Amino acid sequence: MLERTFCHLKGIGNTTEAKIWESGVSHWNDILEGTDIPFSPAKVNELEIGCGESLKRLKEYDPIWFADRLPASDQWRLYPHFRKNIAYIDIETTGTDAHCCDITTIALWNGREVKTYVQGRNLHEFEEEIAKYQMIVSFNGKCFDVPFIEKYFGIKVKAAHIDLRFVFRSLGITGGLKGIEHYFGMDRGDAEGLDGYFAVLLWNEYEMSGNEKALETLLAYNVLDSVNLENLMIRGYNLHIERFPQHDLEPLSKVPEPLNPFKAHIDVVESIRRRYPSGGAFRKF
DNA sequence: CCCGTAGCAACGGGTCTCTT
DNA sequence: AAGAGACCCGTTGCTACGGG
């Protein structure tokens, strides 16, 4: 996919890229081998330099170089090439304002292992962990999770970042993470009906009364959100290549979801709902 | 509630193309 | 070879939306 991308190069927009494809080009190598394209010699020369550099950056596994140059609506093209080193992340906080609110828990799925971080326990270890990844996948993380993390830890997250909110938005699919999961018929099991606000209530319950079951329910919800990001990314990628002008691209197959190390406690959920009848997902009913 | 992102529309400026 | 016009990239300002 990436090897037929040109709109990350200076002076190449989507129109010019489409013209390149129409000339029968489907790989940077085609340009380097001198395939005839309808541009001035100066532009062709620039293109050759760009393709050479792109080949090198792909070989060196440098997703950040591409991410910095690709328009937001095309960041999904990076995915299959840099899957080996991805963190699917989701954070829970005490509210939406990064100036005054705390991070309570973080879930990170890297395709092999689920890692969780809890305030007052091991939250500080997240700083070292996130530095290991060259690519992040999130939902609305560009607006929420990453700025929050940067402010909270006082760090700069430099990884390439595919934000699924915008991957789906450019496909005309909106309605928030839960809405999109529902659109695809993805099951949330015991965490069905829980939302971000309910996560705040779960954290308060854990902090005020030391109820471990409340924390475990929160982590179950948090982990589910991060783990689901992988299959959502795959669905988003497949939808994008389906509507791509060239149809020889292989769709990615779904991956098995890892076992959630935490489980939601229905009794805790019910108890909180009784006390906050207007809170959380209860509002919907 | 608050905030950052990106899409849209409008526009400026640079480059390529076509004509003479 | 030069100039006018067409085309397209990239910027700016505005708005909608999603996170807990």
Side-chain angles (χ1 to χ4, degrees), chain A residues 6-20 22 37-47 50 67-76 88-107 118-119 136-152 156-157 160-183 191 193-207 214 217-219 221-222 224-226 228-229 232 236 272 276 278-283:
Chain A
F6 300 93
C7 62
H8 63 302
L9 302 174
K10 198 165 158 291
I12 311 287
N14 289 106
T15 320
T16 309
E17 187 184 55
K19 256 185 223 161
I20 295 173
E22 279 163 31
I37 43 173
F39 301 110
S40 68
K43 192 127 192 159
V44 171
N45 188 46
E46 229 181 300
L47 211 46
D68 285 346
R69 287 161 179 77
L70 267 177
S73 54
D74 291 313
Q75 297 271 327
W76 59 270
Y88 303 87
I89 56 165
D90 183 53
I91 71 174
E92 303 303 326
T93 68
T94 55
T96 54
D97 187 355
H99 300 291
C100 56
C101 299
D102 271 346
I103 295 180
T104 56
T105 66
I106 304 179
V118 178
Q119 190 201 124
I136 290 172
V137 171
S138 71
F139 192 91
N140 201 36
K142 285 193 176 174
C143 298
F144 185 75
D145 301 60
V146 166
F148 220 114
I149 285 166
E150 288 181 337
K151 208 157 278 171
Y152 189 88
K156 183 95 193 106
V157 177
H161 187 167
I162 303 181
D163 188 329
L164 292 178
R165 175 186 168 192
F166 302 110
V167 171
F168 286 111
R169 191 189 154 161
S170 55
L171 288 163
I173 302 171
T174 57
L177 178 60
K178 309 295 173 284
I180 292 171
E181 284 178 0
H182 186 253
Y183 173 91
L194 301 193
D195 62 11
Y197 181 64
F198 203 90
V200 178
L201 301 179
L202 284 166
W203 177 258
N204 290 343
E205 167 76 10
Y206 160 72
E207 272 231 305
T217 305
L218 171 59
L219 287 171
Y221 166 77
N222 193 187
L224 190 63
D225 272 355
S226 70
N228 277 352
L229 291 173
L232 275 175
I272 292 175
Y276 299 89
S278 61
F282 203 67
R283 279 173 298 191

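In this text the structure is predicted, and so the values were computed from the model without any measurement. Chain identifiers are assigned alphabetically (A, B, ...) following the order of the sequence lines, protein sequences preceding nucleic acid strands; residue numbering begins at 1 within each chain.
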Indicate whether the side chain of A/Asn222 and that of A/Asp90 have a donor and an acceptor atom separated by less than 3.5 Å.
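Looking only at side-chain atoms, A/Asp90 and A/Asn222 do form a donor-acceptor pair, the distance falling under 3.5 Å.
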
On a heavy-atom basis, which atom in [X] and which in [Y] lie closest, and how many Å separate them?
X	Y	value
A/Glu150	A/Lys156	OE2-NZ, 3.3 Å
A/Tyr152	A/Gln119	OH-CG, 4.1 Å
A/Lys43	A/Gly11	NZ-O, 3.1 Å

Taking protein heavy atoms under 4.0 Å as touching, what does nucleotides 5-20 of chain B look like 5' to 3' if B marks base contact, S marks sugar-phosphate-only contact and - marks none?
SSS--------SS---

Using whole Å, what does the distance between atom [atom2] of nucleotide [N] and atom [atom1] of [X] come to?
X	N	atom1	atom2	answer
A/Asp225	C/dG19	CG	C1'	11 Å
A/Phe198	C/dG20	CZ	C1'	14 Å
A/Phe148	C/dG20	CZ	P	11 Å
A/Leu232	C/dG18	CG	P	14 Å
A/Arg69	C/dC9	CZ	P	18 Å
A/Glu207	C/dG20	CD	C1'	15 Å
A/Asp145	C/dC17	CG	P	20 Å
A/Tyr221	C/dG20	OH	C1'	8 Å

Reckon [X] touches a base, only the sugar-phosphate, or nothing at all at heavy-atom distances under 4.0 Å?
X	answer
A/Lys19	sugar-phosphate
A/Thr94	nothing
A/Gly141	nothing

Starting at [atom1] of [X], measure out to [atom2] of [Y] and round the result to the nearest 0.5 Å.
X	Y	atom1	atom2	result
A/Asn14	A/Cys7	CG	SG	5.0 Å
A/Asp74	A/Trp76	CG	CH2	7.0 Å
A/Ile20	A/Ile37	CD1	CD1	5.5 Å
A/Glu17	A/Ile12	CD	CD1	8.5 Å

Counting C-beta onward and ignoring hydrogens, is there a side-chain heavy-atom pair between A/Asp145 and A/Phe139 closer than 4.5 Å?
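No, every pair of side-chain atoms sits at 4.5 Å or beyond.
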
When you compare the side chain of A/Asp225 with that of A/Leu177, does any pair of heavy atoms fall below 4.5 Å?
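Yes, at least one pair of side-chain atoms sits under 4.5 Å.
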
Per A/Thr16 side chain, nearest of listed nucleotides C/dG18, C/dC8, C/dG20
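Looking only at side-chain atoms, A/Thr16 lies closest to C/dC8.
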
Upstream residue (5' side of DNA chain C) when A/Asn14 and A/Phe139 are each assigned their closest nucleotide:
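Whichever sits nearer the 5' end wins; that is A/Asn14.
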
Wobble G-U and Watson-Crick pairs count when both distances are under 3.5 Å; given that, what is the 5' to 3' dot-bracket string of DNA chain B, with | for pairing to other strands?
.|||||||||||||||||||

Does OP1 or OP2 of B/dC3 have a side-chain N or O of A/His99 closer than 4.0 Å?
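It does, given that an N or O in the side chain of A/His99 lies less than 4.0 Å from OP1 or OP2 of B/dC3.
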
May I ask you to verify if any side-chain N or O of A/Thr15 is less than 4.0 angstrom from the OP1 or OP2 atom of C/dC9?
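Result: yes.
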
